[in-house]
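Notes follow once the structure below has been shown.
Side chains included, hydrogens not; waters and symmetry mates left out as well; all remaining heavy atoms used.
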Amino acid sequence: MKNKKVLFFGRYDETKSKLLFEVLKKKFRFVKAVWSKNQNQRFPKKILEYKGDYIFCYRSYYILSDKLLKQYKYAINFHPGSPAYRGIGCLNFAVLNGEKKYGVTAHIINKKVDNGKIILTKNFSIKKMESLSSILRKTNIFNFHLAKKIIGLIYDDEN
């Protein structure tokens with residue numbers, strides 16, 4: 001097992017966040033999780049004391065500070081949206097704009113929200129008259145598989 005230090009940001013009480021955390025614990029020896037519950041939650045200052053190799057953000061409400069990002073070699077966000085739709089609520093805008101395709105994006109985290117260099121995007125079709133909840137379910141499934149794939153590639157590359 002690798003001796004890399006991983007900091008995982010996930011959403012509290014969300015099944016796929018918990019599953020991804022378990023995937024990370026199987027692949028890396030040192031994994032610390034930070035769980036967010038809502039957008040108004042305060043960032044835990046103690047996290048700024050940590051240093052390591054990778055940050056993985058999956059459905060977290062936190063916006064990471066530049067100071068924290070500099071303490072890790074790589075920081076990757078698994079964004080539940082296509083590159084054209086950044087930030088929170090992006091699916092709503094895609095539906096309002098009548099998009100026929102939507103997707104998820106893995107990207108490097110930088111100072112701007114959902115702006116970093118894109119690692120990989122996975123798109124899927126939006127069916128005519130498909131409900132918002134159906135598209136959201138699809139988005140979450142695609143995002144989880146994208147995260148597992150990227151983490152697996154990183155793990156394989158490091159071994």
Side-chain angles (χ1 to χ4, degrees), residues 6-24 31-45 47-48 50 52 54-155:
V6 172
L7 184 57
F8 173 71
F9 286 85
R11 190 172 291 184
Y12 179 80
D13 208 21
E14 197 266 334
T15 303
K16 290 202 175 12
S17 286
K18 290 178 183 177
L19 287 172
L20 195 57
F21 180 57
E22 293 303 317
V23 167
L24 287 166
V31 182
K32 172 78 175 156
V34 180
W35 303 101
S36 61
K37 293 182 181 180
N38 57 58
Q39 295 174 21
N40 300 320
Q41 187 176 352
R42 288 187 169 211
F43 189 81
K45 300 285 184 199
I47 298 304
L48 295 174
Y50 299 134
Y54 294 99
I55 292 175
F56 295 111
C57 285
Y58 182 81
R59 303 203 67 220
S60 175
Y61 289 113
Y62 291 121
I63 304 293
L64 305 187
S65 70
D66 194 42
K67 180 180 178 183
L68 179 64
L69 295 175
K70 288 179 180 176
Q71 293 172 191
Y72 286 79
K73 293 177 185 170
Y74 303 97
I76 298 172
N77 183 39
F78 302 103
H79 176 62
S82 303
Y85 294 97
R86 300 188 330 224
I88 293 176
C90 48
L91 174 57
N92 297 308
F93 294 109
V95 170
L96 284 172
N97 290 337
E99 299 290 350
K100 292 182 176 27
K101 288 190 177 214
Y102 191 66
V104 296
T105 307
H107 68 86
I108 301 296
I109 301 172
N110 64 15
K111 291 179 186 181
K112 295 181 182 179
V113 175
D114 296 331
N115 178 265
K117 181 180 176 188
I118 294 172
I119 299 167
L120 187 61
T121 299
K122 289 289 184 184
N123 293 313
F124 57 86
S125 296
I126 297 175
K127 296 176 184 163
K128 194 173 188 175
M129 303 302 292
E130 187 170 7
S131 70
L132 189 62
S133 61
S134 169
I135 302 167
L136 184 58
R137 271 192 304 278
K138 233 191 293 192
T139 302
N140 289 335
I141 290 167
F142 270 71
N143 202 29
F144 177 72
H145 289 292
L146 177 67
K148 276 181 48 176
K149 179 177 183 169
I150 296 295
I151 290 166
L153 290 170
I154 289 169
Y155 178 80

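Taken to the nearest 0.5 Å, the OG atom of Ser60 stands 11.0 Å off from the CD atom of Gln39. Atoms CG and OH, from Asn97 and Tyr102 in turn, are 11.0 Å apart once rounded to the nearest 0.5 Å. Note that CZ of Phe142 is 11.5 Å distant from NZ of Lys149, once rounded to the nearest 0.5 Å. To the nearest 0.5 Å, atom NZ of residue Lys138 and atom OG of residue Ser125 are 7.0 Å apart. One finds the CD1 atom of Ile154 at 6.5 Å from the CD1 atom of Ile119 (value rounded to the nearest 0.5 Å). Rounding to the nearest 0.5 Å places NZ of Lys67 at 12.5 Å from CD1 of Ile47.
Within the 4.5 Å cutoff, side-chain heavy atoms of Phe78 are placed close to those of Ile151. Contact of the Ile141 side chain with the Lys16 side chain is registered, since non-hydrogen atoms from C-beta on lie closer than 4.5 Å. A heavy-atom distance below 4.5 Å is found between the side chains of Thr139 and Phe124. Here the side chains of Asn143 and His79 are not in contact, with every heavy-atom distance at 4.5 Å or above. Looking at heavy atoms from C-beta onward, Ile76 lies in side-chain contact with Ile108 at the 4.5 angstrom threshold. By the 4.5 Å heavy-atom criterion applied to side chains, Asn123 and Ser82 are counted as neighbours. Side-chain contact check for Glu14 versus Arg59: some heavy-atom pair is nearer than 4.5 Å.
When all heavy atoms of Leu69 and Asn110 are compared, the pair lying nearest together is CD1-O, 3.9 Å. A pairwise comparison of heavy atoms in Thr121 and Pro83 identifies OG1-CG, 3.8 Å as the closest pair. Nearest heavy-atom pair across Leu48 and Ser65 is CD2-OG, 3.7 Å. Taking both residues in full, the closest heavy atoms of Ala106 and Ile150 are given as CB-CG1, 4.0 Å, listed atom of the first, atom of the second, then distance. In plain terms, the two heavy atoms of Phe21 and Lys32 that are nearest each other are CE1-C, 4.5 Å. Taking both residues in full, the closest heavy atoms of Pro80 and Val104 are given as CA-CG1, 4.1 Å, listed atom of the first, atom of the second, then distance.
For an aromatic pair to be called close, the ring centres must be under 6.0 Å apart, and Tyr62 with Trp35 fails this. Annotation: Tyr54 is in aromatic contact with Tyr74 [ring centroid separation under 6.0 Å].
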key: Pair Tyr72-Leu68, side-chain contact (heavy atoms from CB on, under 4.5 Å): steps then yes or no   = CA-CA 7 Å; Tyr72 286 79; Leu68 179 64; 3.9 Å; yes

request  = For side-chain contact (heavy atoms from CB on, under 4.5 Å), just list the numbers for Phe43 and Leu64, CA-CA rounded to whole Å, side-chain angles, deciding distance to a tenth of an Å, and then say yes or no.
outcome  = CA-CA 9 Å; Phe43 189 81; Leu64 305 187; 3.9 Å; yes

request  = Evaluate the side-chain contact (heavy atoms from CB on, under 4.5 Å) criterion for residues Leu20 and Phe56: first the C-alpha distance (whole Å), next the side-chain angles of each, then the deciding distance (0.1 Å), finally the verdict.
outcome  = CA-CA 10 Å; Leu20 195 57; Phe56 295 111; 6.0 Å; no

query = Under the side-chain contact (heavy atoms from CB on, under 4.5 Å) criterion, do Gln71 and Ile55 qualify, and how do the steps go?
reply = CA-CA 10 Å; Gln71 293 172 191; Ile55 292 175; over 6 Å; no

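Judged by a 6.0 Å distance limit and a 45° cone about the ring axis, Arg11 is positioned over the six-membered ring of Tyr61.
Between the side chain of Asn38 and the main chain of Asn40, a donor-acceptor pair closer than 3.5 Å is present. Although no hydrogens or angles enter the test, the distance criterion places no donor-acceptor pair under 3.5 Å between the side chain of Glu130 and the main chain of Ile126.
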